[in-house]
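Structure record follows, encoded as structure tokens.
No hydrogens, no waters, no symmetry mates; every other heavy atom, side chains included, goes into these values. Sequential numbering from 1 along the given sequence is applied to the chain's residues.
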Amino acid sequence: MEKFQNQSENTAPQEASQPPQFLKEFSRENSQEERDVIAGAIRERRRERDAWRAEQNTRVEGKENLEAELETLQGQIDTYGGESFLRKIKDYFAYRNVKAQLAERAGSLASAQDSVDAWQSEKPDFQEVHSLLNNFYEGEEKKWAEAGHTPEDIEQQFTEEHLASLSVEDYALLMKRFPSEMLTHVTRQGIRDHADSFWHTAGVGGYSNGFKEMLADGKLRSSLGIALQEHSKEEAMAIFLKLNRIDEVLPNTRNLSMRERALLMFANSFDHNIATDDAFADSAAVHLASESVMDGMYGSERGNEIFVAYPSAYVASQLRYGGKGTLADRGMSQHNDKWVYTKDHEGMSLDVGLVFIPEDAQVDPKTGSRYKIDERGEPIVPKQRMDEVLKARFENLGFVQTFIQQLPHRMNQAPEQEREALAEASFAEFGISDPDTKKALLDPRLIDKLADIWGKDDENEEYERILNEYFHHNAESPYELAGGTMSSKEYWEKHFQENPTERPSKVVYYKGGDPSRALNEWREKNGIVKKTEDPTYGFTEHNVADSSDEANVGKDRFASLARKVIDDRFPDREVART
């Protein structure tokens with residue numbers, strides 16, 4: 001219905017937004033008769049508009065001609081007024097004639113202006129057509145959402161080019177017709193302040209610019225893809241093998257030669273590692289989670305998690321994938337791990353998905369982190385809460401008797417309305433003022449651990465270890481919060497303003513700090529509720545084994561390069577340490 005688009009000057013700005021192309025095509029296939037009726041109404045309104053415009057142009061032209069005549073006559077009057085007395089006497093009758101013409105033309109001009117104004121009030125209005133058009137497309141949106149779909153429909157609608165071209169609103173409309181499942185990847189941006197799995201603790205306590213690096217690249221890439229993007233082939237392979245981090249990755253192999261350790265790193269990347277027997281596919285894949293945002297397993301800052309979400313239908317129809325489970329699984333364990341393989345390790349465009357950014361986190365204006373970061377780029381662990389407990393225990397008498405033996409029993413026995421006062425009295429007695437410290441000393445889990453080490457020779461050191469662990473996992477903030485903060489939305493909008501080419505095409509700001517809830521709320525708000533009955537979405541052939549050729553494209557070539565890099569850096573003649 002392209003004929004609908006040229007409504008130009010008679011279209012109010014709020015009515016000028018156009019339905020997405022996929023909805024226009026859908027209406028052509030399913031509602032051509034209604035489209036023809038509206039097209040006829042638009043043609044009739046345009047005919048009326050053109051006739052009105054021609055008549056109005058004639059009226060305006062007549063008014064402008066009168067204005068020109070009046071200007072000429074007034075010029076003659078002005079010239080007469082500047083003549084000598086004798087000259088005025090001589091031209092008196094000419095002067096009277098000009099004055100009469102001036103008065104007559106002024107009256108005609110007033111009538112001409114009234115005519116223009118009156119005709120302007122008769123200007124044809126497209127409002128009725130706008131209403132018809134808006135109502136039509138509202139109906140088409142409903143039909144679209146209720147329509148069925150085939151694998152061919154998914155394949156056509158979920159191409160990278162199509163998804164990247166859509167706005168957030170049109171993206172939501174597209175998905176209303178199709179299964180709602182989504183795949184997510186949570187970024188490492190800021191200080192990693194938690195790790196819910198023993199196997200995924202890398203980077204805890206460190207600062208990362210993972211999201212900014214993704215923005216600069218415009219892609220979500222695998223670890224191999226990242227290395228290939230940023231460096232020469234041999235340097236990329238050395239980074240991929242983590243040859244500069246051998247001591248960190250293999251701390252218990254210092255008795256081996258550097259070559260032997262490098263070969264272990266080769267095996268970790270190409271043969272098998274602690275997580276899988278398909279090590280190369282693991283490193284060559286983009287890792288996503290289905291139906292949940294795995295911030296507890298892989299994320300960075302609690303309450304400040306940035307993540308990307310892709311429709312499962314996109315991955316199923318356009319890419320090859322493997323990993324654990326299906327693209328429609330839900331779960332929060334490390335087994336919710338889908339491996340997506342992209343051509344030539346080019347990764348997945350951020351513009352294809354939705355980028356979710358916290359709106360209300362309070363962050364440092366320079367770093368975007370919730371935490372204060374020192375000159376070494378590290379977060380600062382608050383000392384007050386630790387110092388208060390240590391001082392109360394080792395510099396005062398009665399700490400154990402009060403907090404471990406007496407207070408828990410007294411609070412259990414006291415009426416609920418008196419318990420807070422009992423606790424506050426004990427806190428005041430021992431100089432406890434930090435809110436996290438107060439909360440900790442009322443937690444039975446911590447009290448039991450402190451009771452177990454009472455009287456041990458290394459009790460002081462054990463207190464520090466236990467308290468450090470407790471505060472890291474249970475305090476509202478494991479590190480000192482930044483001061484002079486701004487909202488996370490302000491921070492990222494400033495970044496996008498300064499780096500306009502880095503703004504993803506679809507940014508969704510969310511509140512509340514819970515990323516999985518944010519994803520679900522966005523879908524529910526937009527009516528994206530359909531569930532797939534087929535976890536392959538009709539593309540069984542795209543779900544490949546992680547040991548398959550499709551998942552290991554280039555493995556032999558990259559393995560050959562890796563061996564060369566190891567041979568060059570750690571030749572055979574190197575001997576083991578003694």
Side-chain angles (χ1 to χ4, degrees), residues 185 187-189 192 195 197-214 216-217 219-287 298 300 334 337 339-342 344-347 376-378 546-547 551-578:
H185 181 92
T187 71
R188 290 276 175 84
Q189 180 65 41
R192 190 175 186 200
S197 168
F198 173 79
W199 304 107
H200 297 284
T201 59
V204 171
Y207 180 80
S208 173
N209 256 334
F211 180 55
K212 284 189 177 178
E213 292 167 1
M214 288 168 57
D217 182 25
K219 298 271 191 174
L220 171 59
R221 297 179 186 268
S222 66
S223 58
L224 175 60
I226 292 172
L228 294 173
Q229 169 72 9
E230 296 179 351
H231 304 279
S232 65
K233 286 186 178 180
E234 293 196 3
E235 182 62 24
M237 186 51 61
I239 292 173
F240 175 62
L241 293 172
K242 301 182 178 66
L243 296 183
N244 60 331
R245 297 171 52 201
I246 291 180
D247 286 344
E248 175 187 342
V249 179
L250 300 174
N252 299 319
T253 61
R254 296 177 186 274
N255 60 313
L256 302 177
S257 70
M258 288 301 294
R259 178 177 177 81
E260 289 171 326
R261 300 172 85 196
L263 289 173
L264 287 176
M265 300 295 278
F266 174 90
N268 280 342
S269 298
F270 284 92
D271 298 330
H272 57 82
N273 56 41
I274 196 170
T276 177
D277 289 334
D278 299 299
F280 181 77
D282 185 1
S283 299
V286 178
H287 288 254
Y298 308 105
S300 191
Q334 64 188 26
D337 188 12
W339 298 5
V340 178
Y341 308 107
T342 61
D344 299 328
H345 309 288
E346 290 180 353
R376 297 172 300 174
E378 298 177 357
D546 299 323
S547 58
N552 289 274
V553 172
K555 178 179 178 179
D556 291 343
R557 175 167 52 90
F558 285 117
S560 177
L561 176 61
R563 292 190 184 94
K564 178 181 183 304
V565 170
I566 291 174
D567 287 343
D568 290 345
R569 298 194 178 202
F570 309 109
D572 276 329
R573 62 179 176 274
E574 183 183 15
V575 296
R577 303 177 187 176
T578 59

Does a side-chain heavy-atom distance below 4.5 Å link [X] with [Y]?
X: Arg261; Y: Asp247; answer: yes
X: Leu264; Y: Leu256; answer: yes
X: Ile566; Y: Met265; answer: no
X: Trp339; Y: Val286; answer: no
X: Phe570; Y: Leu263; answer: no

[atom1]/[X] to [atom2]/[Y] distance, rounded to the nearest 0.5 angstrom?
X: Leu228; Y: Glu346; atom1: CG; atom2: CD; value: 11.0 Å
X: Gln189; Y: Ser208; atom1: CD; atom2: OG; value: 6.5 Å
X: Asp282; Y: Leu224; atom1: CG; atom2: CG; value: 11.5 Å
X: Phe280; Y: Phe266; atom1: CZ; atom2: CZ; value: 10.0 Å
X: Thr187; Y: Lys212; atom1: OG1; atom2: NZ; value: 11.5 Å
X: Lys219; Y: Met214; atom1: NZ; atom2: CE; value: 12.0 Å

Identify the two heavy atoms, one from [X] and one from [Y], that lie closest to each other, and give their separation to 0.1 Å.
X: Ser223; Y: Ser283; value: OG-O, 3.0 Å
X: Ile239; Y: Ala227; value: CG2-CB, 4.5 Å
X: Ala279; Y: Ala267; value: CB-O, 4.1 Å
X: Ala262; Y: Leu243; value: CB-CD2, 4.0 Å

Report, one line per pair, each donor and acceptor closer than 3.5 Å where one atom sits in a side chain of residues 558-565; sequence neighbours left out.
from: Lys564; atom 1: NZ; to: Glu234; atom 2: OE2; distance (Å): 2.9
from: Lys564; atom 1: NZ; to: Asp568; atom 2: OD2; distance (Å): 2.8

Between the side chain of [X] and the main-chain N/O of [Y], is any donor-acceptor distance below 3.5 Å?
X: His287; Y: His185; result: no
X: Glu248; Y: Arg245; result: no
X: Thr253; Y: Leu250; result: yes

Derivation and outcome, salt bridge (charged side-chain N to carboxylate O under 4.0 Å, His left out), residues Glu235 and Arg569: CA-CA 11 Å; Glu235 182 62 24; Arg569 298 194 178 202; 3.3 Å; yes
Is there a donor in the side chain of Ser300 and an acceptor in the side chain of Arg188, or the other way round, less than 3.5 Å apart?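 There is no such pair between these side chains.
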Verify the distance criterion only: is there a donor paired with an acceptor across the side chains of Asp278 and His272 at less than 3.5 Å? no
Salt bridge (charged side-chain N to carboxylate O under 4.0 Å, His left out) partners for Asp546, two or more places apart: none
